[in-house]
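Protein chains get the first letters and strands the later ones, always in sequence-line order, with residue 1 at the start of each. Nothing here was measured: the structure is a model prediction, and the numbers come from that model.
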Amino acid sequence: MYKTHTCGELRAAHEGTEVSLAGWVHRRRDHGGVIFLDLRDRWGIVQITAHPDVEPEAHAAAIDVRNEFVLQVRGVVRRRPAGMENPGLATGEIEIEAREVRILNPARTPPFVINEDKPVDESVRLKYRYLDLRTERMARNLVLRHRVVKFIRDYMDAHGFIEVETPILFKTTPEGARDYLVPSRIHPGKFYALPQSPQQLKQLLMVAGIERYFQIARCFRDEDQRGDRQPEFTQLDVEMSFVEREDVMALAEDLFTRLVAEVVPAKRLQASPWPRLTYAEAMARFGKDNPDLRFAMELKDVTDLAQGSGFKVFEEGVAHGGHVRGLNVKGQAEWSRKQIDELLEFIRPYGAKGLAYLALTSSGEVRSSFAKFLAADRLQALQARLEAQPGDLLLFVADKPSVVFESLGRLRVHLGERLGLCDPNLLAFCWIVDFPFVVWSEAEKRWDPSHHLFTSPALEDIPLLDSAPGQARGQQYDMVLNNYEVGGGSIRIHDRALQEKVFQLIGLDPRVARERFGHMLEAFEYGTPPHGGIAPGIDRLCMVLAGEENIREVIAFPKNQQAADVMAGAPSTADPQQLQELSIRVVAAE
RNA sequence: GGGGGCGUGGUGUAGCUGGCCUAACACGCGGCCCUGUCAAGGCCGAGACCGCGGGUUCGAAUCCCGUCGCUCCCGCCA
């Protein structure tokens, strides 16, 4: 037996116990006589002492030991001498007096330090991911993720859900993101696709009468990476029958409220119940449909005050159906012209052509790019609208609505981070509802579903689908946490006629629709219950709960930004024989 | 597809308005000393020719061009 105990569990109460421990050498301190070894396993760290005159052989063995060697140590638990305790260590009251030190496997010097949390180039970490995962931080993240998933499974089970696995080899649906394709050997020229989500399958499980389904589901999307996006990711996939929007939202809210309390007690919810914003409200107040509610600095509409104000930029902005909106950067009136120009540069990529400012210095002086154009009462009204006080800096963008929202929304987040307004221990969950059912795609010249093509429109808005599709609301809801969309769901269509109508609306040829989704349409004719669901992203959620800023930190073996696994070297070329079996010829490898 | 940032010993950085750099510092690594530390300590030492290629120059880590890699972002993500 290698282990009688783990390295993290021994306490003063174990004094005198003979133990056998096994783990990695976290650190070694050689005092010429006595040698200290910090032995680490997944459960903690314990100090081993090897005295030359207590057990010469054990001491001799400890001389050759280096960091990250794998050892088995037999010894006796001793209370540490008075004053020698280490309060920074859970096992700091005791130490193990070594009787035998056995080197199970030596280790090369690792390419980066494992026993402290120092920045290391990420490609090096990813190449040696198995070493990176030994670090306290990464081990903690993996444990956190396990606890999150465990809590979810227990909760779902307790609420009558069953976990059903759905296929990884499925059918391509080019309507959504790019699919990962898997060639079929048995069907030359044909392909499976990896699921972008188990959407269709979970709906078919509702047809099957499961009523309450969930799955910790792996999803695949072949799109470009971001700090919060991986080509394969995990979502808590949920679907329920005989439910309305409120039922699904209530379940998810209860689940995650309890999860936070149990799994990350050090963090606290900003609000419970979670605030609920309509899409329109989220855009108007925060410029985004995934607003960070941890701080205020809300956008204010000043279009009415800008109109006929005499300031050309404002008037022209309004003239073409545009808005003027502003935000109040509290207490930053002293920012220099240069700093404000930098903010303009920050929002320029989002289409903003200018950034008007009004700084109310604490001395009562006004610095502004436009104040001289405005009448005194307008200026007053403007300040009142933004609840400005001396010391505040007011920033305005005038443009078409999409540009105003995009640039001020981004600017708000940027400023919030820069000014330290985002409390990392605060979890500001909220719901976004009443999304537009479809959005006009200028590129494709057609209506695109704002969620996915199985989402039901609000029933009272169905007539609008013919007259004014852009006005119709969808029965969609997004779960937002701090700065991230961590989940989305909807009530689905369960009626063939309505589903076909939606296909038609988004320009899906009926023949193509039947080819791709015929199984869905047919299923709807066999007694499909009203149903809906939600799919919270496990990776993003864990990222926020772990206090990480990149999704890779909560994934054991993530892909890099090029969607490559630099440790194993995936993707790789395939053997010519494999390709031949699959009837595949590689045309260009550039 | 586009834009920004970065690329110096094993790791993290400094140097980068060209010559004092035959590249510095910290950690790590090796050796020696040290019987109580816990980021142990002291002394000594090895280790990069500055991502790669080309150019400018008497002279380049430092300037220019190209290229590759990593990263952040835009597009994209039903």
Side-chain angles (χ1 to χ4, degrees), chain A residues 26-39 45-54 59 66-68 78 80-89 91-92 95 97 108-128 131-132 172-179 195-197 199-200 219-231 233 345-351 406 410 414 438-439 441 443-444 446-455 474 476 485 488 490 502-503 506-508 516-517 535 537 549-550 552 560-562 564 566:
Chain A
H26 191 63
R27 213 172 243 121
R28 174 177 173 276
R29 292 177 294 282
D30 185 343
H31 283 246
V34 63
I35 294 174
F36 299 98
L37 299 175
D38 291 342
L39 194 67
I45 292 174
V46 66
Q47 174 166 283
I48 313 290
T49 61
H51 287 89
D53 31 51
V54 173
H59 178 263
R66 291 294 179 272
N67 283 353
E68 301 307 316
R78 299 287 185 213
R80 291 195 185 190
M84 299 297 154
E85 300 87 356
N86 182 354
L89 214 55
T91 58
E95 60 195 7
E97 191 179 273
R108 290 166 58 182
T109 301
F112 50 88
V113 287
I114 286 161
N115 54 25
E116 44 194 305
D117 189 11
K118 283 194 170 166
V120 179
D121 185 79
E122 203 182 347
S123 50
V124 178
R125 291 176 55 203
L126 289 176
K127 180 173 177 193
Y128 298 97
L131 297 180
D132 189 39
T172 180
T173 51
E175 285 70 30
R178 239 175 254 117
D179 280 323
Q196 297 175 26
S197 86
Q199 183 59 37
Q200 297 180 43
C219 306
F220 307 85
R221 294 180 192 173
D222 185 6
E223 297 293 349
D224 288 337
Q225 311 308 300
R226 287 291 184 283
D228 63 351
R229 268 163 35 189
Q230 278 277 301
F233 60 99
E345 290 317 308
F346 177 80
I347 59 175
R348 222 186 261 285
Y350 310 112
E406 179 91 355
R410 301 264 187 178
H414 174 71
V438 287
V439 290
S441 164
E444 313 273 352
R446 61 146 201 256
W447 294 102
D448 271 346
S450 79
H451 187 41
H452 59 56
L453 62 188
F454 304 111
T455 295
Q476 178 196 347
E485 183 204 318
S490 64
V502 170
F503 283 162
I506 63 173
L508 202 58
R516 285 187 192 144
F517 303 112
E549 292 190 348
N550 195 297
R552 292 187 294 268
N560 71 4
Q561 188 154 55
Q562 273 57 246
V566 292

Contacts of Phe503(A) meeting ring-ring contact (aromatic ring centres under 6.0 Å, His included) (sequence neighbours excluded), chain-then-number -> Phe517(A)

Those residues at least two apart in sequence (or on a different chain) that pass salt bridge (Lys or Arg N to Asp or Glu O under 4.0 Å) with Asp38(A) are Arg29(A)

Side-chain contact check for Val120(A): nearest option of C77(B), U11(B), G36(B) is U11(B)

Under-3.5 Å N/O pairs linking protein and nucleotides 40-43 of chain B:
| residue | atom | partner | partner atom | Å |
| --- | --- | --- | --- | --- |
| A40(B) | OP2 | Arg27(A) | NE | 3.3 |
| A40(B) | OP2 | Arg29(A) | NH1 | 3.3 |
| A40(B) | N6 | Asp30(A) | O | 2.7 |

Residues passing the ring-ring contact (aromatic ring centres under 6.0 Å, His included) test with His51(A), sequence neighbours excluded, are none

Across all chains, not counting sequence neighbours, the salt bridge (Lys or Arg N to Asp or Glu O under 4.0 Å) partners of Glu122(A) are Arg552(A)

B/S/- along nucleotides 24-29 of chain B (protein heavy atoms under 4.0 Å) is ---S-S

To the nearest angstrom, the CZ-P distance between Phe36(A) and A39(B) comes to 12 Å

Residues at least two apart in sequence or cross-chain that pass ring-ring contact (aromatic ring centres under 6.0 Å, His included) with His452(A), listed by chain then number, are Phe454(A)

With sugar-phosphate taken as primed atoms, P, OP1 and OP2 and all else as base, the protein-contact string of nucleotides 67-75 of chain B at under 4.0 Å (heavy atoms; B, S, -) is ---SBBSBB

G59(B) -> Watson-Crick or G-U wobble partner, both distances under 3.5 Å, gives none

Applying salt bridge (Lys or Arg N to Asp or Glu O under 4.0 Å) to Arg226(A) and not counting sequence neighbours gives none

Sorted by chain and number, sequence neighbours left out, side-chain hydrogen bond (donor to acceptor under 3.5 Å, both in side chains) with Glu549(A) holds for none

Applying salt bridge (Lys or Arg N to Asp or Glu O under 4.0 Å) to Arg221(A) and not counting sequence neighbours gives none

For Asp30(A), the side-chain hydrogen bond (donor to acceptor under 3.5 Å, both in side chains) test, sequence neighbours excluded, returns Arg28(A)

Using Watson-Crick geometry (N1-N3 plus N6-O4 or O6-N4) or G-U wobble (N1-O2, O6-N3), each under 3.5 Å, A26(B) is paired with U11(B)

